[in-house]
Q: 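Below are the structure tokens for one structure; questions will follow.
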Amino acid sequence: MAPTPPATHAHDPAGAAPDYVRSIAPYIPGKPVSELAREFGLAEADIVKLASNENPRGPGPAVRAAIAAATDDLSRYPDGNGFALKAALAARYGVGAEGIVLGNGSNDVLELVTQAFLKPGDAAVYSRHAFAVYPLATQARGAHGIEVAAHDYGHDLAAMRRAITARTRIVFVANPNNPTGTWIAPEALAAFIASVPQDVLVVLDEAYNEYLEPTAVAPSPQWIDRHPNLVVSRTFSKAHGLAALRVGYGLMHPRVADMLNRVRQPFNVNALAQVAAVAALGDVAYVEESRAINRAGIAALEAGLRALGLSWVPSHANFLLVRVGDAGRVYQQLLRRGVIVRPVANYGLPEWLRVTVGLPAENQRFLAALGAALAP
Ligand SMILES: Cc1ncc(COP(=O)(O)O)c(C=O)c1O
């Protein structure tokens, strides 16, 4: 938690914000390509951005065509209930549409859960080195975040279960986790969910689900009937290649969905995003190809890191957490060479950098730049 800036001036308009808002440490996004180009006088085309875990291929041709066709009708508000997208998701996952909440990115779904279920004085449990939005969204509600020590950089589910108190309303679990890429086996996950009291929501964040090998995917949507306190969140920002359009979704019990919909903005998912997401869901082959390209990219990065004598955390997602020592210095050296990765000191990992798997040439650019950056 960042120190609370004092309300220095009697007329400081920020002084009226609650302490728990003023003490929020803002989310640090990956550096935009245009910003680095400006700062270092580089050509945008020469910059490689491997900093935000996007799919380097972008969306597939079917999705691009669907977006292009939908631009004729931008004067009307989108369908606030996302009928077509919910129908497609319901059919895909064998769940009812009334248990689906669409979000402006899955980030929005995470925020909606905290808005609907946390009040000042409540608590939320999450792991150390887990996705930054869990503490941010918790703190923005005036609730108390309980950060549980990690085990081998991943979630220690037994310790997280023990951290739940009478004040706990939400437990966040990221699978795979960002920024560590760690993964929890379905059996362990199922046992954990069964052990959590029914009046505590388990938010299972599966943003990287599509990058898992099929045998590693948990049948989590099917667990909701048995565990009405389970919320599964997913996104079109990662393997589906639609990060710029902002669309994600949560699968949950209809009574929980009803609560989220009460605090949701009526038109939180734009029309192009809805059309694109339906098309993306239908293009199963494209996602499979992206997974295969990612798998090869992980292997290429691992080979290059091994040759540089570096260590990393084995990843089940589309990024690798690499130990480089003085990560701040190495990050700057990479920037000079036109390569943007993600420093993760704010995740309690000051010696590490997170690199997103790119296209083959991008991965090689990163490895070459890293070798040069580490040279004495
Ligand atoms: C674990 C995890 N959850 C959720 C998100 C949010 O993604 P989006 O809002 O684009 O769906 C991210 C993005 O990096 C993530 O890493």
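Everything numeric in this text was worked out from a predicted model, so none of it was measured.
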Q: Going by the side-chain hydrogen bond (donor to acceptor under 3.5 Å, both in side chains) test, name the single residue among Ser220, Ser106, Ser233 that passes it with Glu206.
A: Ser220
Q: Which salt bridge (charged side-chain N to carboxylate O under 4.0 Å, His left out) pairs, counting each pair once, include a residue from residues 291-300, with sequence neighbours left out?
A: Glu213-Arg295
Q: Throw together a table of side-chain donor-acceptor distances under 3.5 angstrom for residues 59-67, partners on residues two or more places apart or in other chains.
A:
residue: Arg64; atom: NE; partner: Pro59; partner atom: O; Å: 3.0
residue: Arg64; atom: NH2; partner: Arg57; partner atom: O; Å: 3.3
residue: Arg64; atom: NH2; partner: Pro59; partner atom: O; Å: 3.1

Q: Under the side-chain contact (heavy atoms from CB on, under 4.5 Å) rule, collect the residues that match up with Arg92, sequence neighbours excluded.
A: Leu281, Val284
Q: In residues 239-250, what donor-acceptor pairs under 3.5 Å come from side-chain atoms, sequence neighbours left out?
A:
residue: Arg246; atom: NH1; partner: Ser237; partner atom: OG; Å: 3.3
residue: Arg246; atom: NH1; partner: Ala243; partner atom: O; Å: 3.4
residue: Tyr249; atom: OH; partner: Tyr93; partner atom: OH; Å: 3.1

Q: What side-chain donor-acceptor pairs closer than 3.5 Å can you find for residues 181-198, not counting sequence neighbours?
A:
residue: Thr182; atom: OG1; partner: Thr180; partner atom: OG1; Å: 2.9
residue: Trp183; atom: NE1; partner: Ala216; partner atom: O; Å: 3.2
residue: Ser195; atom: OG; partner: Phe192; partner atom: O; Å: 2.7

Q: Taking the basic N atoms (NZ, or NE/NH1/NH2) and the acidic carboxylate oxygens, is any pair closer than 4.0 Å for Lys86 and Glu98?
A: no
Q: Verify whether one side chain among Tyr134 and Asp205 offers a donor that lies under 3.5 Å from an acceptor in the other.
A: yes
Q: In terms of side-chain geometry, is the basic nitrogen of Glu210 or Arg234 positioned less than 4.0 Å from the acidic oxygen of its partner?
A: no
Q: Which atom names give the shortest non-hydrogen contact between Leu110 and Val203, and what distance separates them?
A: CD2-CG1, 3.7 Å
Q: Kindly work out whether a path of hydrophobic side-chain contacts (I/L/V/M/F/W/Y, heavy atoms less than 4.5 Å apart) joins Tyr153 to Tyr126.
A: yes
Q: Charged N to carboxylate O below 4.0 Å: is that the case for Arg128 and Asp156?
A: no
Q: May I ask you to decide if the ring planes of Tyr27 and Phe131 are parallel, tilted or perpendicular, using 30° and 60° as cut-offs?
A: perpendicular
Q: What closest approach, in Å, do Lys238 and Ser52 show between heavy atoms, and which atom pair accounts for it?
A: NZ-O, 3.2 Å
Q: What pair of heavy atoms forms the shortest contact from Trp352 to Val344, and how long is it?
A: O-CG2, 3.3 Å
Q: Closest heavy-atom contact between Ile47 and Ala37?
A: CD1-N, 3.6 Å
Q: I'd like to check the salt bridge (Lys or Arg N to Asp or Glu O under 4.0 Å) partners of Arg141; sequence neighbours left out, ordered by chain and number.
A: Glu111
